[in-house]
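Order of appearance sets the numbers: ligands from 1, and atoms from 1 within every ligand. Only heavy atoms go into these numbers, but all of them, side chains included; no hydrogens, no water, no symmetry mates.
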Amino acid sequence: MTSTQHTAPSTTSPAGNPIGFGRMLRKEDARFLRGQGHYLDDLVVPGMLHAAILRSPVAHARIVSIDTSQAEAHPKVRAVITGATLESLNLAWMPTLSADVQAVLATDKVRFQGQEVAMVVAEDKYSARDALELIDVEYDDLPPVVDARKALDPDAPVIRDDVEGRTDNHIFDWEAGDKARADEVFAAADVVVTQEMLYPRVHPAPMETCGTIASMDRVTGRLTVWSTNQAPHAHRTIYALVAGIPEHNIQIISPDIGGGFGNKVGIYPGYVLAVVGSILTGKPVKWVEDRGENLMSTSFARDYHMKGEIAATRDGRILGVRVDVLADHGAFNGTAQPTKFPAGFFHIFTGSYDLEAAYCKVTGVYTNKAPGGVAYACSFRITEAVYLVERMVDLLADELGADPAELRLKNLLRPEQFPYVSKTGWEYDSGDYPRALKKAMEIAGYDELRREQREKRERGELMGIGISFFTEGVGAGPRKHMDILGLGMADGCELRLHPTGKAQLRLSVQTQGQGHETTFAQIVSHELGIPPEDIDVIHGDTSNTPFGLGTYGSRSTPVSGAAAAVAAQRVRDKARVITAAALECSTDDLEWEQGRWYVKGDPSQGKTIAEVSMLAHGTLELPEGVEGHLDASVVYDPPNLTYPFGAYICVVDVDSGTGQVTVRRFIAVDDCGPRVNPMIVEGQVHGGLADGVGMALMQVIAFDEDGNCVGGSFMDYLLPTSMECPSWETGETVTPSPHHPLGLKGIGESATVGSPPAVVNAVIDALEPYGVRHADMPLTPANVWMAMQGRPMRTDLAVQ
Ligand code: PCD
Ligand SMILES: [Cu+]
């Protein structure tokens, strides 16, 4: 045997990318930046027709009659579908993700402004829209329930009279924690602070709106659905269950997605209608909503009215938190969350602190508003929970006259307490919280900022410093703990190694802009030592990928990322056996270095993964029990959620003349374990911070007294731009998850979760000279101004 000189493996690929983790440009950007992305509305299916939806102009009314004759007479119209059409197909109602039903098209009543009333299918989209105006609907107005706090009044109109025997607007009562113990702790505490607060109704508002193309082949009975959705496999199963189409005859293709943020998890009436339209016309039918439809009718987020209480000793030891929540779920309970958790993971509201007791009660109610309750950048209500506790801690600091940073440092869980079981039953896997907060304070120059603030206050200038510390539980989830509609939350993954050593990774999760085509290739690259550019990531097509529940709740890295790592490890183990056979040695004699098995003590004798792959496909006689090829497939059931955390500090200036808030600095220290691609992680954090500034300062889907949605366009529902955002200052600590094979925790939602309380805490801190204790988001100039006058506003109602 010829012995070649052995050199250490290269840490970069021929294309200059890292082998494994590290900064690299996103593989997908080559096509996005050159206009080669394929979003739903780019797709043209031969013979395709176009659909448009007629929506209710009012929030609550009985439908007296619908006349479609003129629309049907329109020369380009192929079909007009009403609730009556659907009733004949038994499709007028569809199940929601929370065991309720939702009208696909209204039959009896309309229950929110923007609700689907009829669909027109026409030869082009303009004709479809024109024909909507030819439909004549007679409504008999009913009083709407707009204020969630009045939904349970005895004389409130009953919204869901479609459900037999229903006499009120109550959906559920749910509680967590130990009430008796919490009451004891509160009774004995030196200090108790109470505050009511609203996490306003907001909207994920992805850049691309929702839409679908449905094609039912009358000959084969095969349904192909292209849709911009975050969970193609779950959609396939739901279509099978709802429409009774055999699941193997359904293919869901999720193309490039222009942002999801939770908005594209569920199934909307328009999707079902496109399928019906295709069945009726025998042609593919495309339906894409416009911006107003997206904001007015698809899943909103939050809308939690919370009453928080925090108990502590006089010297600042936090003893307990209690909270009572009124959750506005709109007209149908369409909340997307694991079955057992009607209030999502809200009971993580104990935050990052070592408490003695905690208790929460959540009551869900119907109102005449759009349904949903989606986890917009929030692992199922964690955003609300973090906001609650971080506001309460600041209120406590104010009450005690303590510095909010000091108070947090005093009460944060200590590293030696992990794994830590919270008072509401969560097992936090790992963390070093004080280190993260100290690091953020160091980057911010905290003491210096406080000195600057004191000086400014003397001059009458309003400057505020806001802190928030958050813990999330992401990566849903262990099948022993959670499911969605009875489906467990494990993810499948398949890794194929081609003879030449190039690979293909097939995932059940679905990227929406997060960069999975890059980071998942990096995960495999990390385990196998092959260049990331040689690993093709395939997703978004149910016929070409293994089953899994999709991408939301920052679950891709914790669940599918683990699946990919385990698959790669299996390939590596198999490669070891084949290398041993080829080199005629024992597997025990082999040692691994990046990308290669070699003989201990003789590094020149070895085989790279590419070489082994060729051998595995070749004629080499393989040992007993070893199949040819290196492929591996895995289903990963996570043992626990992963618990990323972070410490954020926001610095604002408030104009005392106008109430205008300027976010001057924002420091974000995040810990998501090791970072697969630090550039992508920073991008995720930047995006989430901007989201947080938007929610804190400018966004709310508000309603007037008639139930009109005041926020149905980007003229009213404002998105933050770089003009409203500072240059973000980021930092990191790294605490690996002990149960994830690579220690990875999710990051996708962290910044959206952690930033709103930091901004609000900063604004309230700035308003201290005015004695302001609290004001609800969004802290618009008007709202800040009113708070300064001692007259804080109801931000959810457009009429005061
Ligand atoms: N450690 C670590 C982690 C992570 N990572 C990365 O980062 C990202 C993210 O991740 P995650 O955390 O896992 O997550 P996911 O699952 O992937 O995703 C999801 C998320 O994501 C975020 N982000 C984003 N971005 C973009 N661009 N777009 C979008 O849409 C979005 N969305 C949002 C949301 S809202 Mo929900 O749905 O609401 O629940 S949830 C969510 C990816 O790529 C990964 O790989 C790394 O690197 N490292
Ligand atoms: Cu939430």
Tabulating one pair per line, provide the atom names and distances (0.1 Å) for every N/O atom of ligand 1 that is less than 3.5 Å from a protein N/O atom.
from	atom 1	to	atom 2	distance (Å)
ligand 1	1 (N)	Cys672	O	3.2
ligand 1	1 (N)	Pro674	O	2.8
ligand 1	1 (N)	Lys745	O	3.3
ligand 1	10 (O)	Thr557	OG1	3.3
ligand 1	12 (O)	Ile747	N	2.6
ligand 1	12 (O)	Gly748	N	2.7
ligand 1	13 (O)	Thr557	N	2.9
ligand 1	13 (O)	Thr557	OG1	2.6
ligand 1	16 (O)	Arg555	N	3.3
ligand 1	16 (O)	Ser556	N	2.9
ligand 1	16 (O)	Ser556	OG	2.7
ligand 1	17 (O)	His516	NE2	2.6
ligand 1	17 (O)	Ser556	OG	3.4
ligand 1	18 (O)	Gln514	NE2	3.0
ligand 1	21 (O)	Gln514	NE2	3.0
ligand 1	23 (N)	Gln684	OE1	2.7
ligand 1	25 (N)	Gln684	NE2	3.2
ligand 1	27 (N)	Gly513	O	3.1
ligand 1	28 (N)	Gln512	O	3.4
ligand 1	30 (O)	Gly260	N	2.7
ligand 1	30 (O)	Phe261	N	3.3
ligand 1	30 (O)	Gln512	OE1	3.3
ligand 1	37 (O)	Gln230	NE2	2.9
ligand 1	37 (O)	Gly262	N	2.8
ligand 1	38 (O)	Phe261	O	3.1
ligand 1	38 (O)	Gly262	N	3.3
ligand 1	38 (O)	Ala375	O	2.1
ligand 1	38 (O)	Ala377	N	2.7
ligand 1	39 (O)	Ala375	O	3.1
ligand 1	39 (O)	Gly553	N	2.7
ligand 1	39 (O)	Glu749	OE2	2.9
ligand 1	43 (O)	Gln514	O	2.8
ligand 1	43 (O)	Thr519	OG1	3.2
ligand 1	45 (O)	Thr519	OG1	2.8
ligand 1	47 (O)	Val676	N	3.4
ligand 1	47 (O)	Asn677	N	3.1
ligand 1	48 (N)	Val676	N	3.1

- Member of Met679, His516, Gln514 meeting the side chain to side chain contact (heavy atoms under 4.5 Å, CB included) criterion with Arg26: Met679
- Please check if the distance between the ring centroids of Tyr304 and Tyr199 is under 6.0 Å. no
- Message: I'd like to know if Glu517 and Arg31 make a salt bridge, using a cut-off of under 4.0 Å between side-chain N and carboxylate O.
- Response: yes
- Query: Do you know the tightest heavy-atom contact between Val760 and Ala696?
  - Reply: CG2-CB, 4.1 Å
- Message: Taking the cut-offs as 6.0 angstrom to the six-membered ring centre and 45 degrees off its axis, would you call Arg201 and Phe300 a cation-pi pair?
- Response: yes
- Message: The criterion is ring pair (Phe, Tyr, Trp, His ring centres under 6.0 Å); which residues satisfy it with Tyr433, sequence neighbours excluded?
- Response: Phe418, Phe469, Phe645
